[in-house]
Structures are given as structure tokens and as C-alpha cells.
Amino acid sequence: MEIYLLLIFMIVAAVAALEIKDLISSVIALSAVGLSLSLAFLVLKAPNLAITQLVVELLCLILLIHATIKKDLPLVKDGRWLFNTVSTLAFVAVFLVFIYFALKELPVFGMPIMRVSGEYLDKGFSLTGAANIVTAVALKFRGLDSLGETVVIFVSAIGVLAVMRKVGKIR
Amino acid sequence: MTLIVKTITRLTIGIIFIYGIYITLQGHLGPGGGFAGGVIVALSFIHILLAFGKDVGMRKLTQKKVLFLMSLGAVVFLAAAVFNFTMRHNQEAYTLHAEKFRIFSSLFMPIYDIAVCFMIGTGLYAIFLALALFTAENKE
């Protein structure tokens with residue numbers, strides 16, 4: 001029940017974020033989507049994800065407000081409305097057809113297939129010594145995944161520092 | 001920022017930082033982990049940067065230190081991962097077999113978590129630092 005309320009709220013907030021004219025109000029509406037996503041993770045009994053989503057959402061909120069404050073970006077609205085509408089409808093149709101066939105293959109919501117995860121639950125503590133199986137899976141059984149995602153942050157930070165450096169910049 | 005913001009920041013900044021470290025260190029026992037803890041640590045430094053201005057923030061953690069800590073985290077993560085990969089056939093020798101829910105129940109999980117915390121925390125702080133410096137430079 002709570003999950004459906006949260007989903008409806010998220011859809012309303014996402015539409016509001018798209019439609020609001022003011023940029024800061026749009027950012028606030030966007031972060032409302034993220035914070036209710038964190039609540040949805042909590043309702044679905046995934047506290048690890050909920051904590052991560054919460055703190056990342058706060059950081060994104062600060063970054064976006066810092067980037068958009070006192071800045072009025074030009075908003076292009078006229079021209080090519082026919083092409084825009086037709087392409088949007090076409091993409092929505094393709095998405096719906098694709099998701100109709102894709103969702104038939106998925107297991108029922110809340111009924112995971114325990115083929116691999118059962119093994120993790122059995123051997124998780126004895127192999128890693130971590131009582132939190134989520135961390136054990138994320139850092140041990142799927143360690144290469146974690147390495148990749150931290151390297152993404154690493155490379156993006158290095159890239160931002162390289163682009164926005166002071167030394168050796170050509171004016 | 002105003003005096004109210006500065007005073008509140010001075011009072012809460014240590015608590016936020018220590019909470020980030022706590023979330024990192026208990027990542028293998030309960031909800032949390034290196035990613036979330038790193039982001040909280042980065043948020044505590046961003047707090048300083050927002051409240052006291054970029055000069056004070058830069059004095060606390062300079063760009064050189066940020067780069068060093070970020071690279072240190074990456075190297076430690078990679079070294080632990082390579083060591084673990086070469087020793088993959090006798091995994092159970094590297095768990096400490098202590099009680100569940102004790103902080104020293106695992107050998108490698110805290111190391112991974114701390115390395116991820118270093119990388120994520122300093123990386124996100126570096127991105128924010130570059131953004132703050134860039135906007136300050138544009139205003140001049």
C-alpha cells in the first residue's frame with residue numbers, strides 16, 4: 001500500500017519538476033522524487049540502498065542548487081513542435097512495446113529467484129566474515145562491480161579537476 | 001554566510017564527520033558501507049566550504065591532499081582486490097572467525113570499505129571544490 005502511495009507521489013513530483021518554470025523549484029521537486037525513492041527502498045526492506053540514496057540525493061541537491069542559483073537559463077519553446085510531438089510519441093510507443101515483452105520475462109514482484117542468492121546467503125558469512133550479506137555480495141562476490149563504480153567516480157573527479165584547473169589554462 | 005549558520009556548522013561538523021566514519025566502519029555489520037560513509041564525509045567538508053567560504057575550506061583540505069587521498073584509496077582497493085584474487089582458493093583462511101556482529105569479524109571487508117570511503121569522499125569533494133572555484137573565478 002505505502003509503495004503505491006510513494007510511486008504516485010514520485011510521478012506527480014517528476015511531472016512537476018518538468019513543468020515548473022522556476023529553476024530552483026524544479027530542482028526541489030526533483031529532489032522530492034529522489035527522497036521518496038529512498039523511502040520506497042526503506043519500504044521494500046533495503047536499508048543499505050536507502051541510506052546511499054538519501055545521502056547521494058542530498059549531495060546532488062546541494063550541487064544542483066549551487067549550480068543553478070542566480071542563473072536564468074534561456075528556455076526555448078517555439079519551433080518544430082510537430083517533429084517534437086511525433087518523435088516523443090514514437091519513442092513512447094517503442095518503449096511500451098519493448099517493456100511489454102521485457103516484463104513478461106521478469107519474475108513476479110517480490111518473488112526473487114533464489115538460485116544464486118541462496119548460495120550467497122548460505123556461504124556469505126563463512127567466506128567473508130561479514131554479517132551484512134549486502135556488503136559481502138557488493139564487495140566480495142561482485143567485487144569487480146564495486147571496483148568499476150568507484151573507478152567511475154575517481155575518473156570523473158580527475159576529469160573535472162583537469163578541465164577546471166588553474167595552472168596552464170589558455171585564456 | 002551569517003553568524004547563525006557559522007555557529008551551527010561549528011557545532012555539528014564534527015558529529016557529521018564522525019557519523020560518516022561510523023557508517024563506513026560498520027558497513028560489514030549493518031546497513032551502511034563505504035559509499036554512503038564516503039558521501040557523508042564529503043558532505044561534512046562541503047558544509048565547511050559552504051558556511052565559511054572557499055578559503056577556509058581549502059585550508060582544511062587542499063587540492064593536493066585531496067588528490068593524494070583519492071589515489072591512496074584507489075591503490076589500497078586495488079591491492080586488496082588483487083591479493084584476494086590470488087588467494088581465492090582458500091578464502092576461509094582470511095576471515096577471522098570471530099563472533100557475528102563484532103567489528104573485527106572480517107579481515108578484508110573493513111579495508112575495502114575504508115578504501116571506497118576515501119575514494120568516494122575525496123572524489124565528490126574534489127568535484128564540488130572544482131565547481132566552487134570555477135564559479136568564484138567567473139565572478140571576478
Side-chain angles (χ1 to χ4, degrees), chain A residues 41-42 45-67 69-71 123-136 138-141 143-144 146-147 149-167 169, chain B residues 20 23 26-40 42-43 46 50 63 66-67 70-71 73-74 77-78 81 84-85 91-92 94-98 100-102 104-109 112-113 115-116 119-120 122-135 137:
Chain A
F41 282 141
L42 207 57
K45 295 180 183 136
N48 239 319
L49 268 178
I51 287 178
T52 308
Q53 173 67 28
L54 180 68
V55 290
V56 169
E57 192 58 44
L58 286 177
L59 186 72
C60 285
L61 178 63
I62 292 173
L63 271 175
L64 281 175
I65 285 184
H66 198 261
I69 201 163
K70 286 180 198 162
K71 221 173 260 181
K123 294 186 179 170
F125 182 72
S126 65
L127 280 180
T128 63
N132 183 4
I133 300 294
V134 179
T135 308
L139 290 178
K140 191 92 170 199
F141 300 115
L144 214 54
S146 300
L147 183 64
E149 83 189 17
T150 44
V151 162
V152 167
I153 301 269
F154 182 75
V155 170
S156 62
I158 295 276
V160 167
L161 285 179
V163 168
M164 294 189 171
R165 70 191 185 277
K166 260 185 184 168
V167 186
K169 205 176 188 179
Chain B
I23 288 280
Q26 62 99 54
H28 59 295
L29 307 177
F35 201 96
V39 178
I40 294 173
L43 278 174
I46 287 170
L50 286 174
Q63 199 165 323
V66 165
L67 278 178
M70 197 160 60
S71 314
F77 194 112
L78 202 59
N84 237 324
F85 185 69
Q91 286 293 333
E92 296 183 15
Y94 294 97
T95 58
L96 298 178
H97 284 293
K100 262 190 186 180
F101 299 109
R102 287 296 173 85
F104 291 116
S105 69
S106 169
L107 193 60
F108 274 102
M109 290 296 127
Y112 283 136
D113 268 339
V116 171
M119 272 169 84
I120 299 295
T122 49
L124 292 176
Y125 178 68
I127 291 174
F128 194 84
L129 197 66
L131 191 69
L133 289 179
F134 188 66
T135 47
E137 216 172 83

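Owing to the predicted nature of the structure, the values given are computational and were not obtained by experimental measurement. Letters go in sequence order (proteins before strands), and every chain restarts at 1.
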Exercise for the section: For B:Ile23 and A:Val55, run side chain to side chain contact (heavy atoms under 4.5 Å, CB included): C-alpha distance rounded to whole Å, both residues' side-chain angles, the deciding distance at 0.1 Å, then the answer. Expected result: CA-CA 12 Å; B:Ile23 288 280; A:Val55 290; over 6 Å; no
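- A:Asn48 places no side-chain N or O within donor-acceptor distance of the main-chain N or O of B:Pro31, the cut-off being under 3.5 Å.
- Between B:Ile127 and A:Ala157, the shortest heavy-atom distance links the atoms CG1-CA, 3.9 Å.
- Rounded to the nearest 0.5 angstrom, B:Phe77 CZ and A:Leu139 CG are separated by 6.0 Å.
- Residues A:Val56 and B:Leu124 have side chains not in contact (no heavy-atom distance under 4.5 Å, counting atoms from C-beta outward).
- Using a 4.5 Å cut-off between heavy atoms, A:Glu149 touches chain B through its side chain atoms alone.
- At a 4.5 Å heavy-atom cutoff, the contact between B:Leu67 and chain A is made by side-chain atoms alone.
- Between A:Asn132 and B:Gly30, the closest heavy-atom pair is ND2-O, 2.6 Å.
- To the nearest 0.5 angstrom, A:Thr150 atom OG1 is 12.0 Å from B:Met70 atom CE.
- To the nearest 0.5 angstrom, B:Ile46 atom CD1 is 4.5 Å from A:Leu59 atom CG.
- To the nearest 0.5 Å, atoms CZ (B:Phe35) and CD1 (A:Ile51) are separated by 13.5 Å.
- Contacts between B:Ala126 and chain A at a heavy-atom distance below 4.5 Å involve backbone atoms as well as side-chain atoms.
- Between chain B and the residues A:Val151, A:Leu147, A:Thr52, A:Ile62, the most heavy-atom pairs under 4.5 angstrom are made by A:Leu147.
- Rounded to the nearest 0.5 Å, atoms NE2 (A:His66) and CZ (B:Phe128) are 4.5 Å apart.
- Taking each heavy atom of A:Phe154 and B:Ala74 in turn, the nearest pair found is CE1-CB, 4.2 Å.
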Problem - Residue pair A:Leu58, B:Val39: steps toward the side chain to side chain contact (heavy atoms under 4.5 Å, CB included) verdict - result: CA-CA 9 Å; A:Leu58 286 177; B:Val39 178; over 6 Å; no
